[in-house]
Every structure is written in C-alpha cells, then in structure tokens.
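Quantities reported herein were computed from a predicted structural model and do not represent experimental measurements.
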Amino acid sequence: MAASGSLFSDLRDIKKQLLSVSWLCRERGLMHSVKWASELAFSLESIPINELPPTPELTEEDVQDLDAYTLAKSYFDLKEYDRAAYFLRGCKSQKAYFLYMYSRYLSGEKKKDDETVDSLGPLEKGQVKNEALRELRVELSKKHKARELDGFGLYLYGVVLRKLDLVKEAVDVFVESTHILPLHWGTWLELCNLITDKEMLKFLSLPESWIKEFFLAHIYTELQLIEEALQKYQSLIDAGFSKSTYIISQIAVAYHNIRDIDKALSIFNELRKQDPYRIENMDTFSNLLYVRGLKPELSFLAHNLCDIDKYRVETCCVIGNYYSLRSQHEKAALYFQRALKLNPRYLGAWTLMGHEYMEMKNTSAAIQAYRHAIEVNKRDYRAWYGLGQTYEILKMPFYCLYYYRRAHQLRPNDSRMLVALGECYEKLSQLVEATKCYWRAYAVGDVEKMALVKLAKLHEQLNESEQAAQCYIKYIQDIYSCGVRNLSNQEVKLHVWLLSVIISLCPAL
C-alpha cells in the first residue's frame, strides 16, 4: 500500500496518536520511543488545545499502586533500578508491573555493562551475561500463557527472549505486540534486529498501520535494499512528513550506505542547519568527512560535538575519526575505547576500533574488535569485511574466503567485496571463480577501477589473449570516458604499458 494513500489521509489524527503513545512510553521509562514519537509529532502541524488527546485514565489498580509507582518512577529516572524494583514489588497494575520488570531487566544490563567495561578488551563471546534474564523469562512466560501481558509487557518479553538468543520465539512475541500496541516504535525496532532477509519479512503477519511504512523503510535500509528504502522515505515525505529530521537523517544514512558520498554529505549539512545540536548520526557524518579527507570540516564537527556533550558515544567516535585521519591511530583507538566504556554495545565503535588495530598491525586485537561488532549486529558487513582483510594479512585464505563471502552476502552489489573475493579465489588457484567475481565487480560499478585489470591478467594466465586484450581496451576507454584530465607519471606509464600488452596479446587489434 502506498504511504501517501489512505493510511495518511488524516495527519491530525496521526499527531494525536503520536502524542498519546509518547505519554504512555514516558510513563514506562521508554525514552527512546518517546523521542521518536515526539520528533515525528513536531514535524506535523499543531492542533488546537481542545483537540489534544486526553491523558490516560487511571484504573482502580493504577490508583492503588499510585504512591509506589510515583516513588519508584523517580528512582528509575535517576537510574536506581534495584531501588525502583524494590518499591514496586506486589504492584498489580499493568503500568507498575511493567516498570517493575523493566527495572530488573535494566539493572541486570547495567551490571553486565559495568563488568564488561571493567574487563574491556578481548572478551570471549558470552563471558559476561545479564543474570536477571532467566528469572524474567520464567515470570513473563507465565503471564504470557495466562494472556496477562499488554503491548508493553509483550515488548519486554520479546527483548528478554532475544537476549537469550531465542530468536523465533522473540519474533512471534514482537509481532503479537505490534498487533496489540502498533504505535510503540521500540517494538518495531527490535523486530528489525531479528529480520535477516526480505523473504523472512514477507512471511510476517504485521498490522496494517501507518507506522508500518516507517518500519519498512527502516528495515529496507538495514537490509541494504536502499532503492526500496529511499522510495519509502520519499513517499513518507510526500504524505506530509517533509519536516521530519528523523526521515532526513535516515535518507542521509541510506545514501551513506550506497557510498553516494556527495549526496549524503549535502543532506547531513542540511540536517545540521535544521537541528544544530543533534548528536545522533553524527558519527556517520564523520565517516563521510573521513572518506573525503576533509580535515577542517571533521575538526570543526569534533569541536562542536565536544561543546555540546563530550561524553556521548557519537562524540567519541567523531574525535576518533579525526585522529585516525591525522594518522594518530593510538589516540584514535583510545577514543573508540572511550565510546565503548560509555556503551559496550555500540556497533560503530567496535568496527572503527578494529580498523585502527589493523592500521597498528595488531591483528589479534582487530579480530576481537570485529567479532564484537558481529555479536552486536550480524548484518554489519564492515566487520565481516574487516575480518576477511585481517585473515588476508595473516595469509589464511580459507578463513579469508569465508568472511568475504559473508560480507558479499550482505552487500551483493558492492564491487569491493567482489574484488576481495576474486583475489581470494586467485590465491586458492580457483581462477574460474575469480574471473566471475571480477566480471561481476565490473558489472555492478567498480568503485576502485581495478576489476578489469585484474580480470585481464587472469585471462592472460588462462591463455585467453583476446579476452585479456578486450579487458585492457575497455579499461582504458572507461578511464578516458570520465573526461580528459592530467595524468600522473605513474598513470602515463601504466597506460603505455597496457597498450604494449594489448599489442603483444592481439597484434591484429
């Protein structure tokens, strides 16, 4: 169904729904969902005071638990989770019960993170665990079987199941939660983390709600289906969300993912004008500045974020990127470690730290960092690719091949993954497979402009002179089709050498 269709015919009603769910999430301490709903509501036209949605009515159980809930919520907001849970014992209302269970869950997560930080470094998978998870699962399972969980309770149950690696059960519970409480964005995000491909997405029975369009756009971005994602976001803009900074940032991330660097930089610069104190996604912006080698702009961004909040993970990653661009890799790694002390589950910092260890030739630490990134998100192609590069340095081509394959599965149209796979097949003397990879890399748009040269050399090894010559000719044609430009001495020598090779391979040409 098109996002601009009947689902978005009444934007005023959507704004009321967003304000209502924002209130419900705030009462339960789900602040990321509050922020998402509030930002989206802000992008829509104001509504008159007499049309504002009423605050949720109190049930008899809410009234009985009110004193305990009010006290516990104050402790919860100060991150005193054990204390909050203590005063919520025995509460019967859905709201107080959720906060009780959620406090216990966050207490376990905080203790796990503290333990992780204390021993931050090469940890083995699963060494540090949230000890509260199994108890929470038993209690929530009983409630679930008795059909006593509301949409928020189902969300928390799904989170616990996901943390215990019970993926199928978690997906079922999250889907159930979206039907009962479709406007809670946190549930949709959790579901995103568990969907592995488009086929799995097709088989999910999801509610037909306007929020599903936002979910589909997000999951398409995560699955690297960028064209579909951009179409969804454009349809949401056309439907009335043109002022949404969330959508603008997601479009910028999508262009970053397909390496349309100029477009992504332009959108991020526009986003900073609209929301100058925004920190979210600024580490992605810094990655783009890093790739372009824009030192002054990256320095300005780092100083600006430091002035706003120097203890945010994104700020630490931006500073780390700045030092990395200056080839101060030890300092860069230090800032990525700082980011991980603030949030040990922050994916970008693990991947970037792996890159820095690679620069410092510390392959063992790089492998550990990349493995941590994969534990956080198995869809992070950069970590799989980084592991492939690391094992390539260690001259372990079979390992290398496995990791490059995983990266290629996640980014089937990324020429870098295909070239890396081709080089790996060459080292394993699987020349036919290597040829397929190089040709595919050229067909999808060779970023580094080396696939044709590698393909030609392979044809030479296979005594296929005419095909080799054709590849060299095509390479030179492609270089000059980009426009006449000044060539370096090295490039001139390469072209002269290529022409001599072509003539020797196929004199008739």
Interatomic spacing from [atom1] in [X] to [atom2] in [Y] - rounded to 0.5 Å:
X	Y	atom1	atom2	value
Phe300	Leu294	CZ	CG	14.0 Å
Thr178	Ile211	OG1	CD1	10.0 Å
Glu39	Asp275	CD	CG	7.0 Å
Asn321	Cys316	CG	SG	11.5 Å
Ile258	Leu225	CD1	CG	12.0 Å
Leu265	Leu288	CG	CG	5.0 Å

(request) Test side chain to side chain contact (heavy atoms under 4.5 Å, CB included) on Leu342 and Arg312 and set out the steps. (result) CA-CA 7 Å; Leu342 292 167; Arg312 280 279 292 266; 5.9 Å; no
Does [atom1] in [X] sit with more than 12 non-hydrogen atoms of other residues, nucleotides or ligands closer than 6.0 Å?
X	atom1	value
Arg137	CZ	no
Tyr399	OH	no
Arg134	CZ	no

(request) Please name all residues satisfying side chain to side chain donor-acceptor pair (under 3.5 Å) with Glu356, sequence neighbours left out, ordered by chain then number. (result)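 Side chain to side chain donor-acceptor pair (under 3.5 Å) check on Glu356 returns Ser324, His329.
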(request) Under the side chain to side chain donor-acceptor pair (under 3.5 Å) rule, collect the residues that match up with Gln274, sequence neighbours excluded. (result)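 By the side chain to side chain donor-acceptor pair (under 3.5 Å) rule, Gln274 matches no residue at all.
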(message) A cation-pi test, strictly: NZ or CZ of Lys198 under 6.0 Å from the centre of the six-membered ring of Tyr220 and no more than 45 degrees from its axis. Yes or no?
(response)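 Judged by the rule (NZ or CZ under 6.0 Å from the ring centre, within 45° of its axis), Lys198 counts as positioned above Tyr220.
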(request) Would you verify whether the NZ or CZ of Arg405 falls within 45 degrees of the ring axis of Tyr402 while also being under 6.0 Å from that six-membered ring's centre? (result)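 Judged by the rule, Arg405 and Tyr402 form no cation-pi pair.
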Side-chain heavy atoms of [X] within contact of [Y], under 4.5 Å:
X	Y	value
Phe285	Asn269	yes
Gln389	Ile393	no
Glu213	Phe8	yes
Leu289	Leu325	no
Thr187	Leu191	no
Arg272	Met282	yes
Glu270	Ile248	no
Gln234	Gln231	no

How close do [X] and [Y] get, counting heavy atoms only, and between which atoms?
X	Y	result
Leu271	Ser249	CD2-CB, 3.7 Å
Cys400	Glu392	SG-CB, 3.9 Å
Ala373	Leu347	O-CD1, 3.2 Å
Arg440	Pro412	NH2-O, 4.0 Å
Trp210	Leu7	CB-O, 3.8 Å
Val171	Leu204	CG1-CD2, 3.7 Å

Check: [Y] main-chain N/O paired with [X] side-chain donor or acceptor under 3.5 Å:
X	Y	answer
Thr435	Leu431	yes
His303	Ser299	yes
Thr221	Ala229	no
Tyr370	His355	yes
Tyr438	Met450	no
Arg411	Asn257	yes
Ser33	Gly186	yes
Ser266	Asp262	no

Using the ring of each side chain (for Trp, its six-membered ring), is [X] parallel, tilted or perpendicular to [Y], with breaks at 30° and 60°?
X	Y	answer
His218	Trp185	perpendicular
Phe215	Trp188	tilted
Tyr155	His184	perpendicular

(request) Apply salt bridge (Lys or Arg N to Asp or Glu O under 4.0 Å) to Glu222 and Arg379, showing your working. (result) CA-CA 8 Å; Glu222 288 291 305; Arg379 289 198 299 260; 3.2 Å; yes
(request) Go through Asp283 and Asn287 one step at a time and tell me if the side chain to side chain contact (heavy atoms under 4.5 Å, CB included) criterion holds. (result) CA-CA 6 Å; Asp283 49 339; Asn287 291 342; 5.5 Å; no
(request) Assess whether salt bridge (Lys or Arg N to Asp or Glu O under 4.0 Å) is satisfied between Asp260 and Lys263, documenting all intermediate values. (result) CA-CA 6 Å; Asp260 190 339; Lys263 185 78 172 172; over 6 Å; no
(request) Would you confirm whether the ring centroid of Tyr442 sits within less than 6.0 angstrom of the ring centroid of Trp439? (result)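 Trp439 vs Tyr442: aromatic centres under 6.0 Å.
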(request) Show your reasoning for whether ring pair (Phe, Tyr, Trp, His ring centres under 6.0 Å) applies to Tyr322 and Tyr335. (result) CA-CA 10 Å; Tyr322 171 68; Tyr335 273 95; 9.7 Å; no
(message) Under the criterion side chain to side chain contact (heavy atoms under 4.5 Å, CB included), I'd like the reasoning laid out for Arg338 against Lys341: C-alpha separation, chi angles, the key distance, then a yes or no.
(response) CA-CA 5 Å; Arg338 280 189 188 178; Lys341 283 184 184 292; 5.6 Å; no
(message) Test side chain to side chain contact (heavy atoms under 4.5 Å, CB included) on Ser205 and His179; report intermediate values, then the result.
(response) CA-CA 9 Å; Ser205 173; His179 281 275; 4.0 Å; yes
(request) State whether Lys35 and Glu280 are salt-bridged, where the test is any N-O pair (Lys NZ or Arg NE/NH1/NH2 against Asp/Glu carboxylate O) under 4.0 Å. (result)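 Yes.
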(message) Between Arg345 and Glu109, does any side-chain N to carboxylate O distance fall below 4.0 Å?
(response)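 Yes, this pair counts.
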(request) Show the numbers, then the answer: is there a ring pair (Phe, Tyr, Trp, His ring centres under 6.0 Å) between Tyr404 and Tyr385? (result) CA-CA 6 Å; Tyr404 282 146; Tyr385 184 64; 5.5 Å; yes
